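As the structure is a computational prediction, the values presented were derived from the model and not from experiment. To find a chain, count down the sequence lines: A is the first, B the second, and so on, and within it residues start at 1.
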Amino acid sequence: MIVIENGIVRKACLRDYLDAVKMLLQLIPAGKVVSYGELARLLGVPPVFVGKLLAMNDEAPIVPCHRVVRSNGELGGYSGPGGIRFKRKLLEVEGVRIDAEGRVSRDSFVHFTELLDP
DNA sequence: CATCGAACCAACC
DNA sequence: GGTTGGTTCGATG
């Protein structure tokens, strides 16, 4: 059973959360990134759980789980093919600016409210 | 800046 | 019942 409350997912099984995450990921345009926390709010789960879900995505990078980074700009992890190096490469190719310290620039972040409202 | 602990979860042991 | 995750956030020194 899955319940939606104020646009936030409540009690669902892993499979349901995974489907929800994938849908949200498809909304992120190339060249932009979102934070784990943002997804966590929408899904109603703790941020750590988002990581677990993304790690469970077997269709990376078709489903762009590489466009999810830490809120402080650091890349976070990537368990898909090619590992973290590949994640960074993908982002750069898509136009995300990453500084020498491996931080994503703030203007590359996008919020789901901006993706859903316009 | 570094470290700490708690947190909205389901699965697994 | 405790641990585990690609984490976050606020409080603290």
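Within the structure, the ring-ring contact (aromatic ring centres under 6.0 Å, His included) test picks out no pair touching residues 20-42 of chain A (sequence neighbours left out). Among pairs with a residue in residues 57-76 of chain A, none fulfils ring-ring contact (aromatic ring centres under 6.0 Å, His included), at least two apart in sequence or across chains. For residues 1-34 of chain A, the pairs satisfying ring-ring contact (aromatic ring centres under 6.0 Å, His included) are Tyr17(A)-Phe49(A), with sequence neighbours left out. The salt bridge (Lys or Arg N to Asp or Glu O under 4.0 Å) pairs that include a residue from residues 76-96 of chain A are Arg67(A)-Glu94(A), Arg88(A)-Glu92(A), where partners are two or more places apart or lie in different chains.
Under the salt bridge (Lys or Arg N to Asp or Glu O under 4.0 Å) criterion, Asp19(A) pairs with Arg15(A), sequence neighbours left out. Remark: Arg97(A) pairs with no residue by the salt bridge (Lys or Arg N to Asp or Glu O under 4.0 Å) rule, at least two apart or across chains. Shown here are the salt bridge (Lys or Arg N to Asp or Glu O under 4.0 Å) partners of Lys22(A), two or more places apart in sequence or in another chain: Asp58(A), Glu59(A).
A distance of about 22 Å separates the C1' atoms of dA10(B) and dC9(C), rounded to the whole Å. Taking atom P in both dA2(B) and dG6(C), one finds a spacing of 23 Å when rounded to whole Å.
Contacts between chain A and DNA chain B, taken as any atom within less than 4.0 angstrom of a protein heavy atom, begin and end at dC8(B) to dA11(B).
Of the residues in residues 4-24 of chain A, Lys11(A), Ala12(A), Cys13(A), Leu14(A), Tyr17(A) come within less than 4.0 Å of DNA chain B through at least one heavy atom, sorted by number.
Between Leu115(A) atom CG and Lys32(A) atom NZ the span is 9.5 Å, to the nearest 0.5 Å. Taken to the nearest 0.5 Å, the CG atom of Leu18(A) stands 8.0 Å off from the CG atom of Leu14(A).
Using a 4.5 Å heavy-atom cutoff, the side chains of Ile8(A) and Leu42(A) are not in contact.
The hydrophobic clustering, which links ILVMFWY residues whose side-chain heavy atoms are closer than 4.5 Å, places Val48(A) and Val34(A) apart.
Its side chain within the 4.5 Å cluster rule, Leu75(A) clusters with Val33(A), Val69(A), Tyr78(A), Ile84(A), Phe86(A), Leu90(A), Leu91(A), Val96(A), Ile98(A), Val104(A), Phe109(A) among the Ile, Leu, Val, Met, Phe, Trp and Tyr residues.
At a threshold of 4.0 angstrom between heavy atoms, the contacts of Val50(A) with the nucleic acid are absent.
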Would you tabulate the pairs of protein nitrogen or oxygen atoms and nucleotide nitrogen or oxygen atoms of nucleotides 4-13 of chain C closer than 3.5 angstrom?
| from | atom 1 | to | atom 2 | distance (Å) |
| --- | --- | --- | --- | --- |
| dT4(C) | O2 | Lys52(A) | NZ | 3.3 |
| dG6(C) | N7 | Ala55(A) | N | 3.4 |
| dG6(C) | N7 | Ser79(A) | OG | 2.6 |
| dG6(C) | O6 | Leu54(A) | O | 2.6 |
| dG6(C) | O6 | Ala55(A) | N | 3.2 |
| dG6(C) | N2 | Tyr36(A) | OH | 3.2 |
| dG6(C) | N2 | Cys65(A) | O | 3.0 |
| dG6(C) | N2 | Gly77(A) | O | 3.1 |
| dG6(C) | N2 | Lys87(A) | NZ | 3.1 |
| dG6(C) | N3 | Tyr36(A) | OH | 2.8 |
| dG6(C) | N3 | Gly77(A) | O | 2.6 |
| dT7(C) | OP1 | Arg70(A) | NE | 3.0 |
| dT7(C) | OP1 | Arg70(A) | NH2 | 2.8 |
| dT8(C) | OP1 | Ser71(A) | N | 2.7 |
| dC9(C) | OP2 | Ser71(A) | OG | 3.3 |

Practice task
Using Watson-Crick or G-U wobble pairs with both distances under 3.5 Å, give me DNA chain B in dot-bracket, 5' to 3', with [ ] for crossers and | for pairs to another strand.
Solution key: |||||||.|||||
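Dense packing is recorded around CD of Gln26(A), with more than 12 heavy atoms of other residues, nucleotides or ligands lying under 6.0 Å away.
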